[in-house]
2 protein chains.
Amino acid sequence: MNNNAPIGVFDSGVGGLTVVKEIMKALPNESIVYYGDTARVPYGSKSAETITAYSRQIAKFLMTQEVKAIVVACNTVSALALETIKEEFDVPFIGVVKPGAKMAAQATKNKKIGIIATEGTIQSGIYEKFLKTTSPEVEVFGKACPLFVPLAEEGWLSDDVTKQVAQRYLAELKERKVDALVLGCTHYPLLRGVIGEVMGDGVTLVNPAYETAKELCYVLEDNHLLREANTQPVHKFYVSDGAEKFRRFANSILPCDHLEVEDVAVKSFE
Amino acid sequence: MNNNAPIGVFDSGVGGLTVVKEIMKALPNESIVYYGDTARVPYGSKSAETITAYSRQIAKFLMTQEVKAIVVACNTVSALALETIKEEFDVPFIGVVKPGAKMAAQATKNKKIGIIATEGTIQSGIYEKFLKTTSPEVEVFGKACPLFVPLAEEGWLSDDVTKQVAQRYLAELKERKVDALVLGCTHYPLLRGVIGEVMGDGVTLVNPAYETAKELCYVLEDNHLLREANTQPVHKFYVSDGAEKFRRFANSILPCDHLEVEDVAVKSFE
């Protein structure tokens, strides 16, 4: 394995860029190849079979880019497809669920953890399953928040409507008195302000993007895969639709001046 | 052409069922084959090239079901792909845009028409282009309302949050004093109550689903394609993902007791 190879990162669309941002901060020396499946976004309401098939196509594409590790920057894929596809490839896979769940277990004092995510992630019960294995004493309460992604994409980040929606979605978790809340969808950190305001000061918000970047550092170190080159890292972004729209969004959240974005359909990678 | 053949109807997902409902009312004798592309929904934010490719695959699939006409029950497809794909097949195609636009031109008194739809439909300017040709005296004002579909799917049909979102989206059209408003996305008739309340009594809401069913009657008559059989019509529903979820939604809006729903991937129809 070539240490100077890039890290592959993929998501159903633009949300995974919040993970890329954390990786760039934690590992500024590493090159990244990102794939956003913007032609088939969103994954949140699709079946496990469909999501597994799409993820396999994308992982095969990333392997053609000779990546040394693959980060699944999407909670839905991490919940529904990761365990299946990681067995099919020869590089380490890092999902966002386990790092997020681990941090939540560390952060909670009263052993009550809330999870907010897409319908697919919540129905999978993946966070609960993982936490029950590692921290059987915790209670886990999940809540799907389907309006959060379109509200974030509309840019209504600290809006009164968004606050009312958040109050409604989060009421049950507040009643349950959770003291740690996992932002279990990559778009949700964009609404962090409103979510924090509604939940109150006593609740720790866990951003799996940040925890995933830390986990990636450990995995690369353990596998002796950290980049050694002294040259500038090279980042490449591929999408299945709408390269120009993606570039504008990516430019607004990543600390890079000039992003190389290209359209590539991956459906032939079957 | 066989008069007893079914009518093909397709949409990016479940929204087109509002069109099916109107067709069943207007033409209770006709059989319907529906395709909902639930694995790739939504189309509203995708490019014209991608939407054209997906629509072509679905039309090819419907042709294998020996349909006698195809109804494009999706504003985005009608706006971005219909003119291209209708030339490639030997059956009549009916979109939702022209029937909706025609009715709006008839309904307006002050010659100011509002269009609400997805980003793709609004950016295409399709309603305006069509109206400028047929009714050059009208002024057309478009507004994308990306939160309306998720609000409708969340079931918040007459909710206070939905009303606030509607007030914000529709403020500009009210200022422009439009007196006819086209519900230019198949989900929007589900929010008809709130939209009507915000716009006020003086504004006629145009539902293209209803107008499209009428247009289909004319097209079948003109082409001598009305069904003659005295037997019960047979309806079939195909989706690219999540047949069971689709069945539940369809059962809630269609006047049928038992729906036959099957999963069929159409991506091989290229």
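We use all heavy atoms of the structure for the numbers below, so side chains are in, but hydrogens, waters and symmetry mates are not. Convention: sequence-line order gives letters A, B, ...; per-chain numbering from 1. Please read all numbers here as calculations on a predicted model, not as lab measurements.
Between chain A and the residues B/Ile51, B/Asp159, B/Val149, the largest count of heavy-atom pairs under 4.5 Å involves B/Asp159. Among the candidates B/Arg168, B/Lys245, B/Arg40, the residue making the largest number of heavy-atom pairs closer than 4.5 Å to chain A is B/Arg168. Contact tally against chain B (heavy-atom pairs below 4.5 Å) for A/Ala265, A/Pro42, A/Ala144, A/Ser240: the top residue is A/Pro42. Counting heavy-atom pairs closer than 4.5 Å to chain A, the top residue among B/Asp160, B/Thr50, B/Thr38 is B/Thr50.
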> Taking it one step at a time, do B/Tyr54 and B/Phe10 satisfy ring pair (Phe, Tyr, Trp, His ring centres under 6.0 Å)?
Replying inline: CA-CA 11 Å; B/Tyr54 289 178; B/Phe10 76 91; over 10 Å; no

> Taking it one step at a time, do A/Tyr34 and A/Tyr238 satisfy ring pair (Phe, Tyr, Trp, His ring centres under 6.0 Å)?
Replying inline: CA-CA 6 Å; A/Tyr34 183 88; A/Tyr238 295 94; 9.9 Å; no

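Heavy-atom distances place the side chain of A/Glu119, and not its backbone, under 4.5 Å from chain B. Neither the backbone nor the side chain of B/Glu244 comes within less than 4.5 Å of any heavy atom of chain A.
Aromatic ring pairs are classed by plane angle as parallel below 30°, tilted from 30° to 60° and perpendicular above 60°; the pair A/Tyr188 and A/Phe148 is perpendicular.
Counting only N and O atoms by type, the side chains of B/Glu260 and B/His235 include no donor and acceptor under 3.5 Å apart. Side-chain contact check for A/Thr121 and A/Ser124: no donor-acceptor pair (N or O, by modelled atom type) lies under 3.5 Å. Side chains of A/Asp37 and A/Ser12: no donor on one and acceptor on the other come within 3.5 Å. For the residue pair A/Ser55 and A/Thr52, no side-chain donor N or O sits within less than 3.5 Å of a side-chain acceptor on the partner.
Just one of A/Phe237, A/Phe246, A/Phe61 meets the ring-ring contact (aromatic ring centres under 6.0 Å, His included) condition when paired with A/Tyr35; it is A/Phe61.
In B/Lys236, the NZ atom is not crowded: 12 or fewer heavy atoms of neighbouring residues, nucleotides or ligands sit closer than 6.0 Å.
Scanning residues 70-84 of chain B against chain A with a 4.5 Å heavy-atom cutoff picks out nothing at all.
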